[in-house]
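A quick write-up on the structure given underneath.
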2 protein chains.
Amino acid sequence: MLSLIANVNFPYLRCMLSKKTKYGLKALTFLAAQKGRSPVQISEIAKHENISQKFLESILLTLRKTGLLGSKKGKGGGYYLIKEPKDIPMTTVMRVLEGPIAMVPCVSLNFYEKCDDCPDEASCSVHKLMLQVRDSTLEVFRNNTLADLVP
Amino acid sequence: MLSLIANVNFPYLRCMLSKKTKYGLKALTFLAAQKGRSPVQISEIAKHENISQKFLESILLTLRKTGLLGSKKGKGGGYYLIKEPKDIPMTTVMRVLEGPIAMVPCVSLNFYEKCDDCPDEASCSVHKLMLQVRDSTLEVFRNNTLADLVP
DNA sequence: GCTTACTCTATTAAATCGATAGGGTAATAA
DNA sequence: TTATTACCCTATCGATTTAATAGAGTAAGC
């Protein structure tokens, strides 16, 4: 039996999902739950999801620029979904918010980079393992759309 | 079709696998490939895997403290595997080196923490999604032992 | 007893994250 | 037209973590 004593100092310091992604997902889910395409104010989303309004602004802006959301200014304005929730795969959302899905650059589909310390990917044990992780994670994201996240 | 233009500034900044884990995995694989239980010097591992020797020292120390490695001092000393590679599951290695496997604390088996912004996990869309990711990742790590990583 | 190689502590620079502040601009209603 | 509302953008901040380095200490073996 193996002890984890040496790692008792891991009180979840290294969180792999950024707050940006987390808040973005929550906001998208909230919008999806509204069903209609009528704009929802930032302040309403922020309040309902316990998110810093200013921080949320920047996140929604990103989502709008990448074509996931539309916005309307002025009185009665806000953000709204452009597509149907069922047509928004999680792969898209995650890549927009979080960036690479892979745990190491050398197994990333959209953000590939060679490891500078690794002479040969084919014989790299880390590469081999992380390739499997990427594939399984990718499958989860491919099998889920925004519609699946709405309670 | 969705553009990733807004994220062109993602040159893999947020690497999810730390160098510590990466180097640790490489070192373990190297030791496993040596087959025999004879000690291997830190300097030899560091040179072969292109790792900073001092950094590697601290990593191997962690692995020894958690019972994965043994060490021998003095001339002819070094590090060696205590168990057979096939008896070392990746779940163990990853938890020792990287810590939590889950992407958010609220779905972690060994490092659970409640989200302070989330009133109800059962209805949280992020929770629901990340639970699936954790399970699929965990399955990969459970299906791989150190022996599977050796080329 | 001397060499070798592991062990430990402390420190460093760089980078990132999350958050905040404050001002600017555009669209809408009255 | 004017006031209001709400989106849009830039800059900055401290806290934290990572990766790496330096240097001194200690134990085992020849």
Side-chain angles (χ1 to χ4, degrees), chain A residues 6-7 9-24 26-27 31 38-47 49-66 69-80 97-100 103-104 115-117, chain B residues 6-7 9-24 26-27 31 38-47 49-66 69-80 97-100 103-104 115-117:
Chain A
N7 293 329
N9 294 334
F10 266 146
Y12 236 103
L13 303 173
R14 182 187 184 77
C15 187
M16 287 166 146
L17 194 77
S18 67
K19 296 263 185 187
K20 180 182 174 185
T21 304
K22 187 182 183 188
Y23 294 162
K26 287 192 170 191
L31 288 175
S38 56
V40 179
Q41 295 172 32
I42 292 181
S43 59
E44 186 183 342
I45 306 175
K47 187 179 288 181
E49 301 294 339
N50 291 312
I51 306 172
S52 151
Q53 178 161 342
K54 276 294 191 180
F55 193 22
L56 182 58
E57 276 185 24
S58 69
I59 297 168
L60 295 180
L61 203 54
T62 299
L63 293 173
R64 192 190 63 80
K65 283 183 181 170
T66 50
L69 292 180
S71 68
K72 192 185 170 201
K73 293 186 179 180
K75 189 162 192 173
Y79 280 100
Y80 54 90
L97 290 171
E98 191 77 4
M103 293 181 86
V104 280
C115 299
D116 48 359
D117 61 302
Chain B
N7 292 331
N9 294 334
F10 266 145
Y12 237 104
L13 303 173
R14 183 187 183 76
C15 188
M16 288 167 143
L17 194 79
S18 67
K19 297 262 186 187
K20 179 182 174 184
T21 303
K22 187 181 181 187
Y23 294 162
K26 287 192 170 191
L31 288 175
S38 56
V40 180
Q41 294 172 32
I42 293 181
S43 59
E44 187 183 342
I45 306 175
K47 186 180 288 182
E49 301 295 337
N50 290 313
I51 305 172
S52 151
Q53 177 162 342
K54 276 293 189 180
F55 192 23
L56 182 60
E57 277 184 20
S58 67
I59 297 168
L60 295 180
L61 205 53
T62 299
L63 292 172
R64 191 190 63 82
K65 284 182 180 169
T66 50
L69 292 181
S71 68
K72 193 184 171 202
K73 294 185 178 180
K75 189 161 191 173
Y79 281 100
Y80 53 91
L97 291 171
E98 190 77 5
M103 294 181 87
V104 280
C115 299
D116 48 0
D117 62 301

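A note on names: the letters A, B, ... follow the listed sequences, proteins ahead of strands, and every chain is numbered from 1. Side-chain atoms are counted along with the backbone in the values below, which use heavy atoms only and exclude waters and symmetry mates.
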NZ of B/Lys19 versus P of C/dA15: gap in Å, rounded?
-> 13 Å

Please give, in whole Å, the distance from D/dC7 C1' to A/Leu61 CG?
-> 8 Å

Any chance you could list the contact pattern along nucleotides 21-30 of chain D? Use B for base contacts, S for sugar-phosphate-only contacts and - for none, protein heavy atoms under 4.0 Å, 5' to 3'.
-> BBBB--SBS-

In Å, rounded to the nearest 0.5 Å, how long is the span from CE of A/Met103 to NZ of B/Lys22?
-> 12.5 Å

Partner set under salt bridge (charged side-chain N to carboxylate O under 4.0 Å, His left out) for B/Lys54, not counting sequence neighbours | B/Glu57

Short side-chain N/O contact to D/dC8 OP1/OP2 from A/Tyr79, under 4.0 Å | yes

Round to a whole Å and report the spacing from CG of B/Leu63 to P of C/dC6.
-> 14 Å

Among the candidates D/dC8, C/dC8, D/dC7, find the nucleotide nearest to the side-chain atoms of B/Arg64.
-> C/dC8

Between A/Ile59 (CD1) and C/dT20 (C1'), how many Å, whole number?
-> 14 Å

Nearest-Å distance for atom pair CG/C1', residues B/Leu56 and C/dA5 = 13 Å

Rounded to whole angstroms, how far apart are CD on A/Gln41 and P on D/dT5?
-> 10 Å

At under 4.0 Å between heavy atoms, what does A/Leu60 touch on the DNA or RNA strands: base, sugar-phosphate, or nothing?
-> nothing

Check whether any side-chain nitrogen or oxygen of A/Ser71 sits under 4.0 Å from OP1 or OP2 of D/dC8, and answer yes or no.
-> yes

Hey, what do you get for NZ (B/Lys19) to CD1 (B/Ile59), rounding to the nearest 0.5 Å?
-> 11.0 Å

Got a second to check how far B/Lys20's NZ is from B/Thr62's OG1, nearest 0.5 Å?
-> 4.5 Å

To the nearest angstrom, how far is B/Ile42 atom CD1 from C/dT4 atom C1'?
-> 12 Å

Does a nitrogen or oxygen in the side chain of A/Tyr23 sit under 4.0 Å from OP1 or OP2 of C/dG18?
-> no

Interatomic distance, A/Lys65 NZ vs D/dC8 P [rounded to whole Å] | 9 Å

What's the verdict on side-chain contact (heavy atoms from CB on, under 4.5 Å) for B/Tyr80 and B/Val40, showing C-alpha distance, side-chain angles and the deciding distance?
-> CA-CA 6 Å; B/Tyr80 53 91; B/Val40 180; over 6 Å; no

Rounding to 0.5 Å, atoms CG (B/Leu61) and CG (B/Leu69) come to a distance of 10.0 Å

Residues B/Glu49, A/Asp117; criterion side-chain contact (heavy atoms from CB on, under 4.5 Å); working and verdict = CA-CA 8 Å; B/Glu49 301 295 337; A/Asp117 61 302; over 6 Å; no

